[in-house]
2 protein chains.
Amino acid sequence: MQLLEAKKQFVQAWGALGSQWGINKTMAQIHALMMVSTEPLSTEEIMEELSISRGNANMNIRELTDWGLVTKVFKAGERRDYFVGEKEVWKIAKQVAKIRKTRELDPILKLLEQLKTVNAHIKNDELKHFQKMVNDVHKLAVNVDRLIESIFKAEESWFWDKILKIFTK
Amino acid sequence: MQLLEAKKQFVQAWGALGSQWGINKTMAQIHALMMVSTEPLSTEEIMEELSISRGNANMNIRELTDWGLVTKVFKAGERRDYFVGEKEVWKIAKQVAKIRKTRELDPILKLLEQLKTVNAHIKNDELKHFQKMVNDVHKLAVNVDRLIESIFKAEESWFWDKILKIFTK
DNA sequence: TATTGCTTTCAGTATTTTTTGAAAGTATAA
DNA sequence: TTATACTTTCAAAAAATACTGAAAGCAATA
């Protein structure tokens, strides 16, 4: 396979994966483009490469910047903005985990804790079951939360080494 | 908080969480409804509870059945179909992981393996960088794959016990 | 200060996804 | 066999989401 074709497929696949996980396709594609590019890219180049409008490119670059996956860089003599994507895959994974944890897991945890205070005059089966359910979900969420917290601190090879050793022992 | 209100919030939150992770909101809500319900539910009851159409209810119940999260049950004397949701949270998590791994992770792995065969006449930096990138992503994907495989086999408390021990040592 | 080159915004439009509801399908019972 | 009770399907409608492009903003230089 040729490099150009391979890049195209990588960008496509990244976009599709994004969609399936609630991330804007274009945002994921721009990210993929930046991952495989050695040079900083301008908005113009991204528009060109993905056949998208200026507005679309701009908004998604900003979103990626907000996620901490893309940084603005200045090129000597050049007036226009250039952007580089984080290249370290483990850092990318950690960053995505961090953002999504804050935005999605934390609020759910908060709600579950509230729901644990649910009460009723008559202690019937429905109530008991609801309480158990919420408790179980909460336990799982807390564990996932802890796991993610640990990931933040961990160095990649150490992390996988430890994790996978558990299951082969 | 009262039980009815708590249930409503739980269903709402589950739906929102689903949306954010590429799962149809209604599907997630039906699932939540079934998680907290002690009794089997009919299509009628689900329609009523969530204010959705028959078609919508039917299609999403089927989807949940395909995911292995909901089972059809027969009520003695009753003609209509009733459904029960899997109640064990760990089983639900495993099942979701299994389905999404097959549908999403496996194809990505396959593509990454293909992309590793990329070649070019001139061995320039762009090529080298692409190869490294694909390799790194592939490594991560393989590790995630292994982790999920391990989850399938693991019993919940054992799993978390082992995992969390690593990080407190 | 005016011009130029570039960035940002956002109302309107297009696309994608989800939902509806009525008709067709199926199975049980009369 | 026909009626009844229920389920499934799917074309069309609605809703949600993403994208465009032109106008407004901003900052560097002439």
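Per chain, numbering begins at 1; letters A, B, ... match sequence-line order. Quick note: numbers below take in every heavy atom, side chains included, and nothing from hydrogens, waters or symmetry partners.
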query = Given the rule in the salt bridge (charged side-chain N to carboxylate O under 4.0 Å, His left out) test, do A:Glu126 and B:Lys7 qualify, once you have shown the distances and angles that lead to the verdict?
reply = CA-CA 10 Å; A:Glu126 281 276 316; B:Lys7 275 193 187 182; 2.2 Å; yes

Ring-face cation of B:Lys153 near A:Phe167 (centre distance under 6.0 Å, axis angle within 45°) = no

ask   = OP1 or OP2 of C:dG5 less than 4.0 angstrom from a side-chain nitrogen or oxygen of A:Arg80, does that happen here?
value = no

key: Side-chain donor-acceptor contact under 3.5 Å, B:Thr43 with B:Glu45   = no

inquiry  = Pick the closest DNA chain C nucleotide for A:Ser19 and for A:Gly55 by heavy atoms, then say which residue is nearer the 5' end.
reply    = A:Gly55

task = Under 4.0 Å between any heavy atoms, over every strand shown, what does B:Asn24 touch: base, sugar-phosphate, or nothing? Just pick one.
result = sugar-phosphate

ask   = Please give, in whole Å, the distance from C:dG5 C1' to A:Met47 CE?
value = 14 Å

query = When you match B:Tyr82 and A:Ile52 each to their closest nucleotide on DNA chain D, which lands nearer the 5' end?
reply = B:Tyr82

request  = Mind calculating the distance between CZ (A:Arg62) and P (D:dC19) to the nearest angstrom?
outcome  = 14 Å

message = For B:Glu49, I'd like to know if atom CD has over 12 heavy atoms of other residues, nucleotides or ligands within 6.0 Å.
response = no

key: B:Lys25 NZ to C:dT16 C1', straight-line distance once rounded to whole Å   = 16 Å

request  = For B:Ile61 and C:dT19, give me the distance from atom CD1 to atom P, rounded to whole Å.
outcome  = 13 Å

request  = Take atom CD of B:Glu63 and atom C1' of D:dT8, then tell me their distance rounded to the nearest Å.
outcome  = 15 Å

message = Does D:dA18 have OP1 or OP2 under 4.0 Å away from a side-chain N or O of A:Asn56?
response = no

key: Polar contact flag, side-chain donor to acceptor under 3.5 angstrom, A:Gln29-A:Gln12   = yes

request  = Give one of base, sugar-phosphate or nothing for B:Arg54, where a contact means two heavy atoms less than 4.0 Å apart.
outcome  = base

query = Any side-chain N or O of A:Asn58 less than 4.0 Å from the OP1 or OP2 oxygen of C:dT7?
reply = no

task = Write down the distance between CD1 (B:Ile46) and C1' (D:dT7), rounded to a whole number of angstrom.
result = 13 Å

query = Within the modelled atom types, does a donor on one side and an acceptor on the other bring the side chain of A:Arg79 and the base of C:dT4 under 3.5 Å apart?
reply = yes

key: Spacing between A:Met59 atom CE and D:dC19 atom P, to the nearest angstrom   = 9 Å

message = Is the phosphate of C:dT19 approached by B:Thr26 (side-chain N or O, under 4.0 Å from OP1 or OP2)?
response = yes

For atom CG of A:Asn60 and atom P of C:dT9, their distance in whole Å = 13 Å

